[in-house]
Amino acid sequence: MGDNATLTSAKKAKQDEFYTQYADIQTEMNAYLEYDLAVFRGKTILLPCDDPEWSNFTRYFAENFSLLGLKKLISTSYSPEAKTAKYGSLFEYAASQDEATPKNERGKIFVLDHDVRGDGKVNFEDIKWTYLKGDGDFRSDEVRRLRDEADVIITNPPFSLFREFLAWIMEADKQFSIIGNRNAITYKEVFPLIKENKIWLDNPFVRGAGYFKSSMEVDKSLSYYNSHDYREGYIRVPGVRWFTNIEHGRRHQPLQLMTMADNVKYSRHKEVKGVGYQKYDNYDAIEVPFTDAIPSDYGGVMGVPISFLDKYCPEQFEIFGATESEGKGFSCGLWSLTSGVAQPMIGGKRIYKRIFIRKRRG
């Protein structure tokens, strides 16, 4: 099943708000902490788009508030009764500190910033919550003000709103770590940011797919349901990645590659071994079908799979362009203007989306 099939089905069913597993969040945050142990120290973190009552984002940062040296944790949700949860709340509390009668259309805000109980620890029991004035939509003025107060924004936004949510973050020039589908790489709102090294990718999920807990009933007739992959209460989403502008050490590790001649002799890929590298019909670049088949000694432009970005080292390669499918100009003149096909072609056969790279000189 393709990456898009899951997301398209989920969007149509309005079931694209999934809850991220604690282990996946911890793994990603550890990547930043390994690079800079003080990365979150003294920072205000905003967790929008995840209901704090169920969100493992809230759980992770509340549990590690003191260890990370946070200044403040803010977590918001969209409409308290918009979802019917299938599993227990992370919190047990009696009532909101807001005495006004709660309304179904109002979101919630949870704030953690000091030891309320006076027991020398800052954790879940010190969280204060109340109802927002509005529904908690991240585009509202109310949540926008919280965004402007924050230093770092971390969440799993609705996949159907990924472009708009990323633009919302970039507008405020904040550090962030969010989950999206790898196909977003070639969106016209996203690719220029990756090309200019303003955002990058980190951990792909285990075996290329994320399992997200869903508070909604899984419709087994939809294309994202697969009986072989199904886990009770979870939805499997292939091709998900972390998009971020927070530094981590793995993105500065150069790929260990063979020369072009050695790849032709020894590559484990039949598309390269004994065959060599073919040039596109309609792009001025050679086709490199696998990241580990990138030749170390080729100085021209190469078309590589978008999965290359999982291992992209900006000191080793520069991103030159991408296929033309979402806005002219991505290929930086590599595409033949006489071609009526946006995808790269070899022998008249279309090739899937490609990122164009070249080796850095010097």
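We're numbering straight along the sequence, starting at 1.
- The cationic group of Arg147 lies under 6.0 Å from the six-membered ring centre of Trp168 and within 45° of the ring axis, placing it in a cation-pi geometry.
- Taking Pro314 as the reference, Asn197, Arg251, His252, Tyr312 meet the side-chain contact (heavy atoms from CB on, under 4.5 Å) condition, with sequence neighbours excluded.
- For the pair Arg358 and Phe320, the cation-pi criterion (under 6.0 Å, within 45° of the ring axis) is not fulfilled.
- Taking the six-membered ring wherever Trp is involved, the centroid distance between the rings of Phe330 and Phe356 does not fall below 6.0 Å.
- Under the salt bridge (charged side-chain N to carboxylate O under 4.0 Å, His left out) criterion, Asp284 pairs with Lys279, not counting sequence neighbours.
- Identified under the salt bridge (charged side-chain N to carboxylate O under 4.0 Å, His left out) test for residues 258-268, with sequence neighbours left out: Arg268-Asp292.
- Atom CD1 in Ile185 sits 12.5 Å away from atom CG in Leu193 (nearest 0.5 Å).
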Can you give me every donor-acceptor pair (side chain of residues 33-48, partner residue at least two apart or in another chain, under 3.5 Å) with its distance?
{"residue": "Asp36", "atom": "OD1", "partner": "Ala38", "partner atom": "N", "Å": "3.0"}
{"residue": "Lys43", "atom": "NZ", "partner": "Val39", "partner atom": "O", "Å": "3.0"}
{"residue": "Lys43", "atom": "NZ", "partner": "Gln175", "partner atom": "OE1", "Å": "3.3"}

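- Applying the side-chain contact (heavy atoms from CB on, under 4.5 Å) criterion to Asp173, with sequence neighbours excluded, gives no partner residue.
- Relative ring orientation between Trp335 and Tyr283 is described as tilted, the plane-to-plane angle lying within the 30° to 60° band.
- Summarising the geometry, atom CD belonging to Glu149 is positioned 15.0 Å from atom CZ belonging to Arg144; distances are rounded to the nearest 0.5 Å.
- Note that CG of Asn156 and OG of Ser55 are 9.0 Å apart. Values are rounded to the nearest 0.5 Å.
- Residues passing the side-chain hydrogen bond (donor to acceptor under 3.5 Å, both in side chains) test with Lys311: none are found, sequence neighbours excluded.
- His269 and Phe290 have parallel rings, their planes meeting at less than 30° on a 0 to 90° scale where 60° marks the start of perpendicular.
- A salt bridge does not link Lys133 with Glu142: none of the charged nitrogens is closer than 4.0 Å to a carboxylate oxygen.
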